[in-house]
Amino acid sequence: MTHRHLRAALAASLCLAACSRATSTASVSGTPKDQGLKDTFRSAFLVGVAIAPKQFEELDVANAALVKREFNTISPENVLKWVIVHPQPDRYDFAPADKYVAFGERNGMFIIGHTLVWHSQVPAWVFQDAQGQPLTRDALLARMKDHIQTVVGRYKGRIKGWDVVNEALNEDGTLRETQWMKIIGPDYIAKAFQFAHEADPAAELYYNDYNLDYAAKRDGAVRLVKSLLDQGIPVKAIGSQEHLKLTTPSAAAVDSSIKAFAALGVHVNMTELDIDLLPPATRNTGADVSLRAGPSPSLNPWAAGLPDSMQTKLARRYQDLFRVYMANKDAIDRVTFWGVSDGDSWLNGWPVPGRTSYPLLFDRQLGKKAAYEAVSEVAKEPRVVP
Ligand code: G3I
């Protein structure tokens with residue numbers, strides 16, 4: 001059987017699986033050609049992807065078509081970050097974000113906003129007065145409120161869920177000493193949620209972070225979200241970014257975190273899933289965007305292509321993770337990949353610039369990798385609680 005025939009047979013069997021679950025969209029969306037991950041997992045959770053102008057302006061037609069075929073929720077990789085949407089005190093630039101939201105609406109997708117309060121990608125002026133001196137607590141709260149209410153208010157009823165606060169925790173589970181924290185104090189987090197809720201009471205509000213499958217940080221997130229809930233703050237879900245490595249964290253650790261969050265009574269979103277296969281360039285795990293390391297050939301071993309043995313390992317790793325997600329599907333609202341194809345991934349540039357990374361389900365030609373098939377198989381398995 002040729003590769004193409006194998007793919008056709010698999011597509012047919014996937015269609016059978018998806019169609020036999022008899023969900024409305026699978027049957028109305030038409031031919032098996034239109035089936036994607038969104039259909040495969042329709043009875044479990046939404047499947048999403050982070051997109052950039054290339055996709056939402058349809059500059060790359062094939063890439064945009066893939067997004068429409070495969071995904072039913074989108075996240076903005078960059079265009080709703082403070083530095084882009086609000087570059088100067090009196091200037092908002094909504095042009096890119098408007099196009100992002102319009103793409104989601106045209107295609108009937110669940111549209112996510114990312115992110116309102118973060119320590120990264122926020123201009124220095126945000127924390128300073130006109131003389132360049134640090135703002136007072138009240139002035140920074142007023143600025144945060146204006147930003148959140150302007151941005152959330154613009155897309156009220158259209159952006160359905162917001163990463164309100166992003167990456168507020170250190171690895172040991174304590175609060176990160178960001179400018180927000182230093183100037184406002186720990187209640188900056190509750191205030192951000194309160195402002196977002198006032199701006200769009202129907203929007204889902206999320207706390208989002210990386211490395212939440214490690215015990216100390218996971219426990220910090222549990223403490224943080226519990227304290228928000230105790231104050232009556234409507235946190236709908238914890239977003240676990242899921243920037244993972246091939247063997248760490250373990251699938252069991254991922255399972256534990258999902259269960260720990262669900263026990264709080266909130267939902268869980270896997271928000272930025274990718275699996276970094278490349279040799280570690282720093283000792284740090286996770287996704288701290290400030291990390292940088294110099295290029296070297298040993299750090300970029302597969303510039304000419306990924307060996308089959310590694311494709312297989314990636315497929316198994318994704319399969320293990322999706323087994324955990326399926327086992328916890330009642331707690332999980334969505335699983336979102338951080339980028340469409342390997343060529344689109346931020347991991348080609350972080351922490352070492354110019355590497356060739358293979359963290360996603362689609363290759364550089366937009367073809368389905370073995371990991372895609374492996375993940376799809378999981379939807380057909382009987383449910384096993386790990
Ligand atoms: O838009 C400018 C462009 O004009 C300029 O020529 C170019 C030169 O470097 O930079 C472009 O901006 C870059 C931007 O991505 C858009 O491509 C920034 O330098 C670069 O820092 C930025 O990286 C993004 C990073 O967040 C920092 O915001 C990545 O694309 C994005 O994938 C990454 O996403 C984060 C999540 O928001 C939060 N969790 C971790 C995740 C991965 O770091």
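Here, residue 1 is the first one in the sequence, and each next residue gets the next number. Note that ligands are numbered from 1 as they come in the structure, with each ligand's atoms numbered from 1 the same way.
In summary, of the residues considered (Y92, W118, W180, F127), a ring pair (Phe, Tyr, Trp, His ring centres under 6.0 Å) with W82 occurs for W180 alone.
In summary, the aromatic rings of Y100 and F103 are positioned with their centroids too far apart to meet the 6.0 Å limit.
Residue contacts with ligand 1: W338 is included, with a non-hydrogen atom under 4.0 Å away.
Every atom of ligand 1 is numbered from 1 in the order shown, and the set under 4.0 Å from a heavy atom of E167 is 38 (C), 39 (N), 40 (C). Near W346, the atoms of ligand 1 lying under 4.0 angstrom from a non-hydrogen atom of the residue are 32 (O), 42 (C), 43 (O).
Atom 33 (C) of ligand 1 lies below 4.0 Å from at least one non-hydrogen atom of the protein. By the definition of a contact as any protein heavy atom under 4.0 Å away, atom 2 (C) of ligand 1 is not in contact. Within the 4.0 Å cut-off (strictly below), no protein heavy atom is located near atom 13 (C) of ligand 1. Under the 4.0 angstrom criterion, atom 19 (O) of ligand 1 counts as lacking any protein heavy-atom contact. Less than 4.0 angstrom separates atom 6 (O) of ligand 1 from none of the non-hydrogen atoms of the protein.
At a 4.0 Å heavy-atom cut-off, ligand 1 touches N166 through the side chain alone. When heavy-atom distances to ligand 1 are checked against a 4.0 Å cut-off, Y210 has no atom that comes that close, whether in backbone or side chain.
Side-chain N or O atoms of R355 include none that pairs as donor or acceptor with a backbone N or O of P301 at under 3.5 Å. In this structure, N348 contributes its side chain and G354 its backbone to no donor-acceptor pair below 3.5 Å.
Note on ring orientation: taking the six-membered ring where Trp is involved, the planes of H147 and H86 are parallel (angle under 30°, cut-offs 30° and 60°).
For K313, the NZ atom is loosely surrounded, since the number of other residues' heavy atoms within 6.0 Å does not exceed 12.
Taking the charged nitrogens against the carboxylate oxygens, D219 and R223 have no contact shorter than 4.0 Å, which rules out a salt bridge.
For the residue pair N269 and T271, no side-chain donor N or O sits within less than 3.5 Å of a side-chain acceptor on the partner.
Distances from atom 25 (C) of ligand 1 to the heavy atoms of E77, Q121, K81 show the closest one on K81.
Considering backbone and side-chain atoms together, E272 places an N or O closer than 3.5 Å to an N or O of ligand 1.
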